Amino acid sequence: MAGSDTALPTVSVITVTRNLIEEGRVEAIRAALEAAQEQGDAIVEHVIWDGASTDGTVALLKELIAEIEARPSFVPIRFQSVPDKSLYDAMNRAVEISQGEYVVFLNSDDLLASPDCLQKAREEIGSNRPDFCFGRTFFVDEDGRKRLSRERKVHSILQRIPFCHNSMLIRREVFDRFGGHDLDFRIVADYDLVLRMLFAGCNYQMLSVPIAVFHPGGISADQRRTALEMTRSWRKNYAPFLVGRTYSDDEMLNWFRKGQLPLEFCVSLLFQCWDRPQLRRAALHSLMVTLRRKLQPWRTWDYFAE
């Protein structure tokens, strides 16, 4: 089925783990495994990559997998437990052993939005075969209530990733072509990958179906570290459009604080990419955001305040 222009695309769900028992995620991983199994024929496999856990997680996963494989029917599970360098290294290596045409990442403490969300995603993708596609996300509040994310367009990508990493399906071939996640980033490698795909002209599709249920927290909740990494990604990806200007780290951190990019960058990107609709829309969006917020002097909050 994979690679056919007429059949629906195959999908691999990928989950990376390490020391789940120590982190109190036993019930969470059990639920994540079941969420993948509920997708049925919509996925070709569930790849679980464990980073050589030392707290009994490997035995736990083997036990849970054995329970699933004892059922009359189940989604195949591909399990590996070997040392890795980081979260994103684990994701990259899990993709290497996956077999689906598309991959979607499911954190060990998150869920898929519904038992048929990936089947609906496959049907929407159909023969289009975009390089990547994304749906909306249910975010779980501290009191357990779920709220559905607003529908966002990719043209807001220059300031923030406009969708959740877990709600994105990426063609395996495209992921490989870009070398996967850049391991120089420990927090925003997913955002950096989307920027690289966009600047390289990859095509995408916005899905109508929500894909993931996400529990906020983890390393990306550290605003200061996230901001520092985002500025490094901006410096890396925006360099050709900074019109010879060198910005200090503090200046770029201020872009993050205020949620706006320099006018000269927006204009440079707009003119250099006028014949590329995706980037033209992104540049126009950022230009309008910057102009609007320059008229809002109260937008000087500090994300890093104690």
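Remember, predicted model here, so these are calculated numbers, not experimental data.
Scanning for salt bridge (charged side-chain N to carboxylate O under 4.0 Å, His left out) contacts around D176 gives R172, with sequence neighbours left out. Residues passing the salt bridge (charged side-chain N to carboxylate O under 4.0 Å, His left out) test with D109, sequence neighbours excluded: R25. In terms of the salt bridge (charged side-chain N to carboxylate O under 4.0 Å, His left out) criterion, D250 has no residue partners (sequence neighbours excluded). Judged as a side chain to side chain contact (heavy atoms under 4.5 Å, CB included), and not counting sequence neighbours, the contacts of N19 are E22, S53, T54, D55. Annotation: salt bridge (charged side-chain N to carboxylate O under 4.0 Å, His left out) contacts of R136 (sequence neighbours excluded): none. Taking F139 as the reference, F214 meet the ring-ring contact (aromatic ring centres under 6.0 Å, His included) condition, with sequence neighbours excluded. Residues forming a ring-ring contact (aromatic ring centres under 6.0 Å, His included) with F175 (at least two apart in sequence, or on another chain): H181. For E173, the side-chain hydrogen bond (donor to acceptor under 3.5 Å, both in side chains) partners at least two apart in sequence or on another chain are R177. Every side chain to side chain contact (heavy atoms under 4.5 Å, CB included) that P262 has, sequence neighbours left out, goes to Y247, W255, E264, F265.
Here V26 is tied into one hydrophobic group with L20, I21, I29, L33, I48, V58, L60, L61, L64, I65, I68, F74, I77, F79, each link being a pair of ILVMFWY side chains closer than 4.5 Å.
Put simply, the side chain of Q99 never gets that close to the backbone of E45: no donor and acceptor are under 3.5 Å apart.
The side-chain hydrogen bond (donor to acceptor under 3.5 Å, both in side chains) pairs that include a residue from residues 276-287 are Q159-S286, where partners are two or more places apart or lie in different chains. Residue pairs that meet the side-chain hydrogen bond (donor to acceptor under 3.5 Å, both in side chains) test with at least one member in residues 195-208, sequence neighbours left out, are E124-S208, N128-Q205, D131-N203, D192-R196.
Here the rule is side chain to side chain contact (heavy atoms under 4.5 Å, CB included) with V47, and of I14, V13, L106 only I14 fits it. Across T15, D84, D89, N92, a single residue satisfies side-chain hydrogen bond (donor to acceptor under 3.5 Å, both in side chains) together with W49, and that is D84.
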Would Q272 and S268 count as a side chain to side chain donor-acceptor pair (under 3.5 Å) here? Give the steps. CA-CA 6 Å; Q272 291 189 55; S268 174; 2.8 Å; yes
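Residues F132 and R171 form no side-chain contact, since every pair of their non-hydrogen atoms from C-beta on lies 4.5 Å or further apart.
To the nearest 0.5 angstrom, M197 atom CE is 4.0 Å from L193 atom CG.
Other residues, nucleotides and ligands place no more than 12 heavy atoms under 6.0 Å from the CZ atom of R150.
In this structure, R122 and D41 approach most closely via the heavy-atom pair NH1-O, 3.8 Å.
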